[in-house]
2 protein chains.
Amino acid sequence: MAHMREKKHPKMEEIEITDIMYGLSDPARVEIVRLIAQAGKPLTCGELNCDRPKSSMSHHFKILRDTGIIETSIEGKEHLNSLRSTEIEKKFPGILKSILKNIL
Amino acid sequence: MAHMREKKHPKMEEIEITDIMYGLSDPARVEIVRLIAQAGKPLTCGELNCDRPKSSMSHHFKILRDTGIIETSIEGKEHLNSLRSTEIEKKFPGILKSILKNIL
DNA sequence: TCCATATTTCGAATATAGTCGAACTATCGA
DNA sequence: TCGATAGTTCGACTATATTCGAAATATGGA
């Protein structure tokens with residue numbers, strides 16, 4: 001049957017600062033963000049290897065997507081996750097930068 | 001009987017960045033922080049007048065205290081709430097400043 | 001087509017949070 | 001001492017989050 005080819009992401013206009021804060025209020029999610037930022041390139045779930053079950057990780061990725069923090073592009077069977085740095089910087093200047101400085 | 005004269009606040013060393021994020025993940029709490037920052041001086045609960053019951057507000061003040069964001073000093077029958085700006089700046093440089101810029 | 005890989009979705013359990021009325025505590029002033 | 005004022009605590013309810021196994025979906029390669 002038909003399926004979703006791309007993940008949907010909220011528009012940055014729909015994101016409130018409380019969403020960003022909520023997205024980063026869990027250590028597992030901060031760790032994901034840290035690893036992506038550190039890598040300097042999009043990472044797949046598999047490359048992250050926080051030791052938690054896949055379904056838990058998937059849950060946290062979904063929240064990071066829903067809160068506007070990451071975007072996920074599907075390349076074959078892998079999902080590449082990257083930070084929405086530029087858009088976040090435009091909407092909430094300085095916030096993500098200062099957070100990254102504090103978690104790297 | 002004996003009573004607590006001062007509120008207790010966590011030491012900033014005990015505060016994680018996820019605590020700060022959690023503290024600011026609720027609109028009511030961001031509003032409280034915004035009003036205190038805007039006033040430029042400590043505010044009592046009463047001066048805030050977000051229209052919610054006292055018990056709800058008290059709950060949010062407690063979370064802001066527990067997450068290291070505000071401190072409350074008791075002056076007579078009033079409780080004066082202020083941001084722990086200097087300490088937060090020392091522990092998490094740039095974070096609070098960038099958040100305040102975005103909510104004021 | 002069949003299998004391995006990568007990840008999501010479902011579902012159920014447990015845990016944490018938010019809301020708010022009512023009762024409580026502390027302080028001040030009459 | 002009584003009453004008003006400022007805020008907290010309690011308790012119950014509802015709502016949202018987190019965890020994770022199992023089943024499902026999609027892709028690519030043999």
Side-chain angles (χ1 to χ4, degrees), chain A residues 1-10 16 18-33 35-36 39 42-67 69-82, chain B residues 1-9 16 18-33 35-36 39 41-67 69-82:
Chain A
M1 63 219 74
H3 59 280
M4 218 196 316
R5 313 196 158 278
E6 292 299 327
K7 297 253 162 217
K8 61 176 164 358
H9 298 91
E16 307 281 336
T18 47
D19 295 321
I20 302 283
M21 298 294 132
Y22 165 58
L24 297 173
S25 66
D26 183 287
R29 293 194 291 267
V30 169
E31 182 66 4
I32 292 171
V33 167
L35 291 169
I36 297 175
L43 292 183
T44 64
C45 305
E47 291 174 300
L48 288 165
N49 136 61
C50 306
D51 37 34
R52 272 166 231 253
K54 292 182 303 162
S55 54
S56 299
M57 293 308 286
S58 189
H59 164 76
H60 288 301
F61 277 107
K62 178 164 172 28
I63 287 173
L64 286 171
R65 273 193 302 272
D66 291 350
T67 55
I69 296 169
I70 66 168
E71 65 193 342
T72 305
S73 75
I74 302 176
E75 299 281 325
K77 58 185 167 179
E78 294 183 335
H79 292 200
L80 294 172
N81 300 288
S82 43
Chain B
M1 64 221 72
H3 59 279
M4 220 196 312
R5 313 193 160 279
E6 291 299 328
K7 297 251 162 218
K8 61 176 166 353
H9 298 91
E16 307 282 335
T18 47
D19 295 321
I20 302 284
M21 298 293 131
Y22 165 58
L24 297 173
S25 66
D26 183 286
R29 292 194 291 267
V30 170
E31 181 67 2
I32 291 171
V33 167
L35 291 170
I36 297 177
K41 56 157 194 175
L43 292 184
T44 64
C45 304
E47 291 174 299
L48 289 165
N49 134 62
C50 308
D51 36 35
R52 272 166 231 252
K54 290 183 305 162
S55 54
S56 300
M57 293 308 284
S58 189
H59 164 76
H60 288 301
F61 276 107
K62 177 165 173 28
I63 287 173
L64 287 171
R65 273 193 302 272
D66 291 349
T67 56
I69 296 169
I70 67 169
E71 64 192 343
T72 305
S73 75
I74 302 176
E75 299 283 324
K77 57 184 169 181
E78 294 183 334
H79 292 199
L80 293 171
N81 300 288
S82 43

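Chain identifiers are assigned alphabetically (A, B, ...) following the order of the sequence lines, protein sequences preceding nucleic acid strands; residue numbering begins at 1 within each chain.
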*Can you name the closest pair of heavy atoms from A/Glu47 and A/Pro42 and give their distance?*
OE1-O, 4.2 Å

*For the student: nearest non-hydrogen atoms of B/Cys50 and B/Met57, plus distance*: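 Scanning both residues completely, I find the closest heavy atoms to be SG-CE, 3.4 Å.
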
To the nearest angstrom, how far is [X] atom [atom1] from [N] atom [atom2]?
{"X": "A/Phe61", "N": "D/dC20", "atom1": "CZ", "atom2": "P", "value": "15 Å"}
{"X": "B/Met21", "N": "C/dT16", "atom1": "CE", "atom2": "C1'", "value": "20 Å"}
{"X": "A/Leu64", "N": "D/dA17", "atom1": "CG", "atom2": "C1'", "value": "14 Å"}
{"X": "A/Asp66", "N": "D/dA17", "atom1": "CG", "atom2": "P", "value": "10 Å"}
{"X": "A/Lys62", "N": "C/dC10", "atom1": "NZ", "atom2": "P", "value": "10 Å"}
{"X": "B/Met57", "N": "C/dG18", "atom1": "CE", "atom2": "C1'", "value": "13 Å"}
{"X": "A/Leu43", "N": "C/dT7", "atom1": "CG", "atom2": "C1'", "value": "15 Å"}
{"X": "A/Glu6", "N": "C/dT7", "atom1": "CD", "atom2": "P", "value": "14 Å"}

*May I ask you to check whether B/Arg29 and B/His60 show a side-chain donor-acceptor distance below 3.5 Å?*
yes

*Check if the side chain of B/Ser58 and the base of D/dG7 share a donor-acceptor pair of N or O atoms closer than 3.5 Å.*
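No, the side chain and the base share no sub-3.5 Å donor-acceptor pair.
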
*asked:* Whether the side chain of B/Ser55 and the base of C/dG21 hold a donor-acceptor pair under 3.5 Å is what I'd like checked.
replied: yes

Would you mind telling me which of [options] lies closest to the side-chain atoms of [X]?
{"X": "A/Pro53", "options": "C/dT19, D/dC20, C/dT8", "result": "D/dC20"}
{"X": "B/His59", "options": "C/dG18, C/dT7, C/dC20", "result": "C/dG18"}
{"X": "A/Glu78", "options": "D/dT8, C/dT7, D/dT19", "result": "C/dT7"}
{"X": "B/His60", "options": "C/dC20, D/dT8, C/dT19", "result": "C/dT19"}
{"X": "A/Arg52", "options": "D/dC20, C/dG18, D/dT8", "result": "D/dC20"}

Does [X] place a side-chain N or O at less than 4.0 Å from the phosphate oxygens OP1/OP2 of [N]?
{"X": "A/Ser56", "N": "D/dC20", "result": "yes"}
{"X": "A/Arg65", "N": "C/dT8", "result": "yes"}
{"X": "A/His79", "N": "C/dT8", "result": "yes"}
{"X": "B/Tyr22", "N": "C/dG18", "result": "yes"}

_Go nucleotide by nucleotide along DNA chain D from the 5' end; which of A/Glu75 and A/Ser25 gets its closest nucleotide reached first?_
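That would be A/Ser25.
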
_Show, in sequence, the C-alpha distance, side-chain angles and deciding distance for B/Leu80 and B/Lys41, and conclude whether the side-chain contact (heavy atoms from CB on, under 4.5 Å) test is met._
CA-CA 9 Å; B/Leu80 293 171; B/Lys41 56 157 194 175; over 6 Å; no

*Value rounded to 0.5 Å, distance of CG in B/Leu48 from CG in B/Asn81*: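 Going from the CG atom of B/Leu48 to the CG atom of B/Asn81 covers 7.0 Å.
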
_Could you go through B/Ile69 and B/Ile20, starting from their C-alpha distance and side-chain angles, then the distance that decides it, and tell me whether this counts as side-chain contact (heavy atoms from CB on, under 4.5 Å)?_
CA-CA 7 Å; B/Ile69 296 169; B/Ile20 302 284; 4.1 Å; yes

_Both B/Lys54 and A/Lys77 contact DNA chain C. Which one's nearest nucleotide lies toward the 5' end?_
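Nearest-nucleotide comparison on DNA chain C picks A/Lys77.
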
